[in-house]
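Chain identifiers are assigned alphabetically (A, B, ...) following the order of the sequence lines, protein sequences preceding nucleic acid strands; residue numbering begins at 1 within each chain.
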Number of protein chains: 2
Amino acid sequence: MAVAETDGKRRDNRRGRILDAAAVEFARSGYSATSVRDIAAAAGILPGSMYYHFASKEDLLAAVHAAGIQRIKERVRAAIETADDPWDRLEAACAAHVETLHASKDYGSVIATEFPRRHSPKLRARMIEERDDYENIFRSLIDDLPLPESTSRKYFRLALIGAMAWSIAWYRPGEDTAEEIARHIVNLFRPAAEAK
Amino acid sequence: MAVAETDGKRRDNRRGRILDAAAVEFARSGYSATSVRDIAAAAGILPGSMYYHFASKEDLLAAVHAAGIQRIKERVRAAIETADDPWDRLEAACAAHVETLHASKDYGSVIATEFPRRHSPKLRARMIEERDDYENIFRSLIDDLPLPESTSRKYFRLALIGAMAWSIAWYRPGEDTAEEIARHIVNLFRPAAEAK
DNA sequence: CCCAATCGAACAAACGCTTGCCCAAACCGG
DNA sequence: CCGGTTTGGGCAAGCGTTTGTTCGATTGGG
């Protein structure tokens with residue numbers, strides 16, 4: 001769940017802890033409502049010490065975003081390989097997507113709620129690139145689906161990703177599992193394959 | 001599009017202009033990245049003058065949220081009455097929803113991107129209440145649909161609203177119209193009615 | 001001439017970030 | 001195995017700026 005522990009080298013431990021703390025705070029309050037002091041306090045260091053590991057607050061957000069995308073990409077890629085049927089592959093991908101979004105809730109929440117257009121051109125470009133790269137997984141999964149010609153694959157993808165992303169807004173722990181959510185959502189889209 | 005002009009009374013003109021300016025700034029940068037000075041500058045007044053009309057910055061957000069919800073509710077309610085068939089009514093509602101979300105982009109964007117959980121308990125409660133009230137329109141529209149028992153109406157509603165809300169994230173003016181977007185999305189869900 | 005409405009100026013607090021200094025562990029030639 | 005040196009990491013303090021908000025003075029239409 002946290003990045004800190006998984007970074008073999010002891011050397012990077014502190015950096016990982018700051019990253020985790022930043023993800024938690026950014027997820028809870030949003031980027032601009034979160035102060036460097038908040039993050040430092042959550043990480044157990046003083047504000048100034050953060051700047052040894054990250055050049056700026058913006059750099060810290062970039063690192064959280066990159067780590068979050070990388071993680072969800074890995075999980076989804078791994079999940080896909082467990083199935084052969086195109087619909088099963090999509091369902092596996094969605095389950096992994098929703099699961100990761102809520103399991104490492106902090107990183108997932110940052111990805112789902114920090115809009116690129118609200119950040120500097122430089123960071124915006126990085127975020128969009130990383131997101132596009134990730135969405136390409138779904139692009140190719142959906143390309144493999146046997147859909148009627150009348151169904152727009154573009155809207156299929158956007159609606160699917162939107163429906164999953166929105167779960168961040170309404171999900172309450174203890175109700176349904178991420179797998180159930182993903183299964184329900186995919187089942188909603190599944191009949192679209194047989195439509196004329 | 002703007003509230004300012006529509007408020008008959010001259011007396012409320014300034015209040016409406018501040019409200020519009022706040023919606024624009026909140027939509028562009030988010031609540032906490034927007035300063036009272038930004039809003040005042042956009043409204044053509046001095047920062048202090050805002051406090052004659054609104055008790056606080058938070059109150060201003062509450063007013064923008066309420067105005068946005070009220071507007072979208074009116075449009076959707078009106079759109080529903082143009083049709084009798086349950087699916088047509090849903091499609092009309094979705095078209096009005098997406099259209100309003102993008103037409104009065106500022107108010108719509110604030111609704112779609114300001115998460116209640118990130119605000120004070122008082123404001124959070126108000127926002128959730130207003131949203132629930134609005135979502136009840138869709139709740140009853142979906143109750144009227146002839147869906148197979150295996151289809152969860154709850155997930156149907158959440159996925160539909162999520163897919164529409166997400167359009168804020170990817171929509172670029174000049175590509176598709178709001179009506180086309182809504183039609184495509186509803187058509188994706190429509191086959192779910194005939195599934196076993 | 002009144003009073004709603006706005007201005008102009010200021011407030012304390014919080015902001016992102018920089019700087020100068022310090023300490024312990026790791027490293028490495030002799 | 002020693003002892004000097006490098007280096008990862010953190011501390012304490014404060015820089016200048018921006019924040020939300022307050023408030024007495026000022027203005028102008030009815």
Open item on the list: Minimum heavy-atom separation for B:A40 and B:L46, please, with both atom names.
Closed with: CB-C, 3.8 Å
Open item on the list: For C:dT6 and B:R14 - does any side-chain N or O of the residue sit under 4.0 Å from the phosphate oxygens OP1/OP2?
Closed with: yes
Open item on the list: Measure CE/B:M50 against P/C:dA9 and give the value in whole Å, please.
Closed with: 20 Å
Open item on the list: For B:D20 and B:R15: C-alpha separation, side-chain torsions, deciding distance, then whether salt bridge (charged side-chain N to carboxylate O under 4.0 Å, His left out) applies.
Closed with: CA-CA 9 Å; B:D20 284 346; B:R15 194 191 138 98; over 6 Å; no
Open item on the list: Using the side-chain heavy atoms of A:H53, tell me which of these nucleotides is nearest: D:dG9, C:dT6, D:dT21.
Closed with: D:dG9
- [ ] Quick one, give me the B/S/- string for nucleotides 23-30 of chain D, reading 5' to 3', where B means a protein heavy atom under 4.0 Å from the base and S means that only happens at the primed atoms, P, OP1 or OP2.
- [x] --------
- [ ] Mind checking B:L46 for me? I need base, sugar-phosphate or nothing, with any heavy atom below 4.0 Å counting as a touch.
- [x] base
Open item on the list: In this structure, how many angstroms lie between the C1' atom of C:dA14 and the NZ atom of A:K57, rounded?
Closed with: 12 Å
Task: Nearest-Å distance for atom pair CZ/C1', residues B:R15 and C:dT6 - done: 17 Å
- [ ] Determine whether the aromatic ring centres of A:F156 and B:H184 lie less than 6.0 Å apart.
- [x] no
TODO: For the side chain of B:Y52, starting at C-beta, report the closest nucleotide among D:dT21, C:dA5, C:dC17.
DONE: C:dA5
Open item on the list: Expressed as a whole number of angstroms, how long is the span from A:I45:CD1 to D:dC11:P?
Closed with: 7 Å
Task: Distance in Å, A:N187 CG paired with A:E180 CD, rounded so as to fall on 0.5 Å steps - done: 12.0 Å
Task: Flag for A:H65-A:E114: side-chain donor and acceptor within less than 3.5 Å - done: no
- [ ] Locate the shortest heavy-atom distance separating B:R126 from B:A62; write the atom from each residue and the value.
- [x] NH1-CB, 3.7 Å
- [ ] Write down the distance between CD1 (B:I39) and P (D:dT19), rounded to a whole number of angstrom.
- [x] 11 Å
Open item on the list: Can you measure B:E25 atom CD to D:dG20 atom P for me and round it to whole angstrom units?
Closed with: 12 Å
Task: Separation of atom NE2 in A:H119 from atom C1' in C:dG16, rounded to whole Å - done: 16 Å
Open item on the list: Given D:dT19, D:dC11, C:dT6, identify the nucleotide with an atom nearest to the side chain of B:S35.
Closed with: D:dT19
Open item on the list: Output the rounded distance in Å from CG (B:D59) to C1' (D:dG20).
Closed with: 13 Å
Task: Contact nearer the 5' end of DNA chain D, comparing A:R37 with B:P47 - done: A:R37
- [ ] Go through the side-chain N and O atoms of B:D38 and B:S35 and say whether any donor and acceptor fall under 3.5 Å apart.
- [x] yes
Open item on the list: Categorize B:T34 for me: base, sugar-phosphate, or nothing, with a 4.0 angstrom heavy-atom threshold over every strand shown.
Closed with: sugar-phosphate
